[in-house]
**Student:** 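Following this message is one structure expressed as structure tokens.
In what follows, every chain begins at residue 1, and chains take the letters A, B, ... in the order their sequences are listed.
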Protein chains: 2
Amino acid sequence: MNKQTNEQSLKDTRERILDAAEQLFMKYGYDGTSMRVVTNEAGVNLAAANYHFGSKESLMQAVLRRRLEVINQERLRLLDEAEANAGGKPLKPSVIIDCYFGTLLRIAADQKAGGETFLRLLGRTFTEPSDFIRAFMSTEYADVLERYKQALFRSLPDVPKAEIVWRFHFMLGATSYAIAGTDALHLVTDWQFDEGSAEQDKNLLPRLMSFLIGGLRAPLPQFENEAEPTAGKSANKDAAA
Amino acid sequence: MNKQTNEQSLKDTRERILDAAEQLFMKYGYDGTSMRVVTNEAGVNLAAANYHFGSKESLMQAVLRRRLEVINQERLRLLDEAEANAGGKPLKPSVIIDCYFGTLLRIAADQKAGGETFLRLLGRTFTEPSDFIRAFMSTEYADVLERYKQALFRSLPDVPKAEIVWRFHFMLGATSYAIAGTDALHLVTDWQFDEGSAEQDKNLLPRLMSFLIGGLRAPLPQFENEAEPTAGKSANKDAAA
DNA sequence: CTAGAATTAAAACGAACGTTTGAATTATAT
DNA sequence: ATATAATTCAAACGTTCGTTTTAATTCTAG
């Protein structure tokens with residue numbers, strides 16, 4: 001066998017494990033997936049998983065990191081580009097939202113293999129019970145989230161920062177659900193799409209984007225306990241403007 | 001011991017198991033929680049769980065059913081009441097949303113024990129990997145979801161039903177996240193609330209409600225592939241009106 | 001070609017899992 | 001009080017889990 005075959009078979013083992021793990025973690029969750037079914041699905045020996053990744057936890061992190069790196073790099077690149085084009089002026093909220101959530105959905109649509117699978121895995125990852133997963137996500141997302149938060153703060157200077165953070169959180173939730181579950185959608189509708197699942201994915205981004213921006217720019221809430229001068233209404237106007 | 005003690009100790013075993021299971025399922029998920037830690041936490045014998053509930057799956061269903069029954073009954077009651085007061089006219093979207101999502105958060109805030117815990121468990125349940133859990137939720141929610149869908153259809157006659165269903169799905173996601181994770185929120189902010197967690201819960205409902213209604217009534221998306229006559233803009237106006 | 005490193009393979013490790021068993025205990029009712 | 005049912009208990013069932021071990025095999029380099 002030539003040199004290429006050697007390198008390829010080495011890379012194949014790692015990547016076959018990653019691909020199988022990605023699919024199975026998506027379908028059955030971290031706790032619901034055993035190393036044995038991963039290696040069986042990948043067609044490799046059981047010990048190969050621990051040899052290449054060290055542990056099940058590290059395998060999960062490798063699965064997540066492989067895709068998150070390109071997604072978050074693209075997110076930072078697009079935000080840099082948008083801010084450069086804006087020339088010092090604050091970005092429109094819709095542009096920021098599109099850079100963040102649009103990148104996620106577009107990359108998932110582009111990647112032929114594993115893209116949609118990873119998208120659904122990612123949706124579940126935020127609510128995974130295991131501490132180490134959430135801790136990993138937290139560090140993996142730290143810088144890109146900080147950049148986007150600051151961009152939103154500049155974009156909506158009259159909206160309290162706490163409100164922006166909450167609404168960003170709500171947007172994450174809506175997006176996670178949107179991508180995590182065609183299954184979860186069946187809770188809401190039993191009617192089947194005429195155009196098939198391809199239609200769903202193609203129209204999901206504009207649908208979701210409209211919803212997110214509508215939520216982000218909604219009038220500010222009125223809290224029961226707070227005094228309510230007329231200034232409150234002007235804050236509403238700023239947020240909705 | 002008197003008769004009350006007997007009945008009480010019987011009920012205590014079942015309810016102590018339910019309470020412990022609720023907490024542990026919330027913290028560690030279904031697969032991450034063993035019958036042994038449940039019964040240890042409840043202070044009962046291991047076999048008592050299988051004696052009273054038959055299996056781990058049935059225990060999970062009992063945990064969910066105990067709270068969902070009162071929440072969904074209240075949801076139907078409030079919708080009946082609102083529709084009776086409206087006298088045949090369609091309800092405002094904000095009223096429907098408040099009956100559905102507001103009930104959830106208010107009940108959770110009222111119940112002294114387990115309310116908030118169950119809320120966070122529920123948030124995770126929609127993305128649980130186990131098939132039987134999602135199947136159970138589907139049947140448990142079937143009628144109340146149908147009622148609310150029809151109410152929204154009547155409330156927004158000019159918005160395509162597919163759009164309403166999708167946006168209801170987005171709203172479920174945003175709400176799930178909002179309640180499932182203070183942890184997930186730490187992904188977005190590292191700043192601590194001055195008023196403590198009580199402040200979070202108290203203001204969560206108005207915050208979330210503003211976001212949801214803003215998203216529900218956002219302008220309709222424009223799909224790339226569809227022809228775009230001026231009628232498209234009027235549909236937007238209807239949705240935003 | 002050959003020594004050494006990298007990878008794969010089969011087998012086993014102890015621990016934890018959901019569930020069941022059968023006896024001991026407690027409550028209920030005549 | 002006594003028989004019957006309901007519940008609790010300690011112990012064990014067989015299975016699966018993540019990981020490790022040790023030997024065989026394959027690749028790499030001098």
**Student:** Checking all strands, does Ser58(B) fall into the base, sugar-phosphate, or nothing category for heavy-atom contacts under 4.0 angstrom?
**Tutor:**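 Contact class for Ser58(B): none.
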
**Student:** Can you name the nearest heavy-atom pair linking Phe126(A) to Leu122(A), along with the distance?
**Tutor:**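 Heavy atoms of Phe126(A) and Leu122(A) come nearest at CD1-O, 3.3 Å.
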
**Student:** Please name the pair of heavy atoms, one in Ile97(B) and one in Leu152(B), separated by the smallest distance, quoted to 0.1 Å.
**Tutor:**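 Reported closest heavy-atom pair: CD1-CD2, 4.4 Å.
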
**Student:** Looking at every non-hydrogen atom in both residues, tell me the closest pair between Arg167(B) and Pro221(B) and how far apart they are.
**Tutor:**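 Closest pair (atom of Arg167(B), atom of Pro221(B), distance): NH2-CD, 3.8 Å.
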
**Student:** With a 4.0 Å cutoff (strictly under), does any side-chain N or O of Thr13(A) reach OP1 or OP2 of dT8(C)?
**Tutor:**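 Yes, because at least one side-chain N or O of Thr13(A) sits under 4.0 Å from OP1 or OP2 of dT8(C).
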
**Student:** Tyr28(A) OH to dC17(D) P: how many Å, rounded?
**Tutor:**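 Taking OH of Tyr28(A) and P of dC17(D), I get 13 Å after rounding.
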
**Student:** Just how far, in rounded Å, is P of dC13(D) from CE of Met35(B)?
**Tutor:**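 So the two atoms are 20 Å apart, to the nearest Å.
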
**Student:** Tell me the interatomic distance from Arg36(A), atom CZ, to dA16(C), atom P, rounded to whole angstroms.
**Tutor:**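 So the CZ-P distance, Arg36(A) to dA16(C), works out to 16 Å.
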
**Student:** Could you tell me how far apart Asn40(B) (CG) and dT8(D) (C1') are, to the nearest whole angstrom?
**Tutor:**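 Those two atoms, CG and C1', are 15 Å apart.
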
**Student:** So Thr33(A), base contact, sugar-phosphate only, or nothing? Heavy-atom distance under 4.0 Å.
**Tutor:**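 Thr33(A): backbone/sugar contact only, no base atoms under 4.0 Å.
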
**Student:** What is the distance, rounded to the nearest whole Å, between atom CZ of Arg16(A) and atom C1' of dT8(C)?
**Tutor:**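 Spelled out: CZ on Arg16(A) to C1' on dT8(C) is 13 Å.
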
**Student:** Separation of Phe53(A) atom CZ from dT8(C) atom C1', in whole Å?
**Tutor:**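 It works out to 15 Å between those atoms.
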
**Student:** Aromatic ring centroids of Tyr30(B) and Phe132(B) under 6.0 Å?
**Tutor:**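 Here the rings of Phe132(B) and Tyr30(B) have centres that are less than 6.0 Å from each other.
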
**Student:** Give a yes/no on whether any side-chain N or O of His52(A) is located under 4.0 angstrom from OP1 or OP2 of dA6(C).
**Tutor:**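 Looking at the OP1 and OP2 atoms of dA6(C), neither is under 4.0 Å from any side-chain N or O of His52(A).
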
**Student:** Counting side-chain heavy atoms from C-beta on, which of dT8(C), dG18(C), dA12(C) comes nearest to Tyr51(A)?
**Tutor:**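 The nucleotide sitting nearest to the side chain is dT8(C).
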
**Student:** Given atom CG of Asn45(B) and atom C1' of dA24(C), what is their separation to the nearest angstrom?
**Tutor:**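 About 12 Å, once rounded to whole Å.
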
**Student:** Is there a side-chain contact between Ser34(A) and the phosphate of dT16(D), meaning an N or O under 4.0 Å from OP1 or OP2?
**Tutor:**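 Answer no for this pair, as no side-chain N or O of Ser34(A) is under 4.0 Å from OP1 or OP2.
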
**Student:** Could you tell me the separation between the CG atom of Leu46(B) and the P atom of dG18(C), rounded to a whole number of Å?
**Tutor:**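 Nearest whole value for this atom pair: 9 Å.
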
**Student:** Scan Ala47(B) against the nucleic acid and name what it touches under 4.0 Å (heavy atoms): base, sugar-phosphate only, or nothing.
**Tutor:**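 Ala47(B): base contact, heavy atoms under 4.0 Å.
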
**Student:** Is the gap between the ring centers of Tyr177(A) and Tyr177(B) under 6.0 Å?
**Tutor:**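 For Tyr177(A) and Tyr177(B), the ring centres are not under 6.0 Å apart.
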
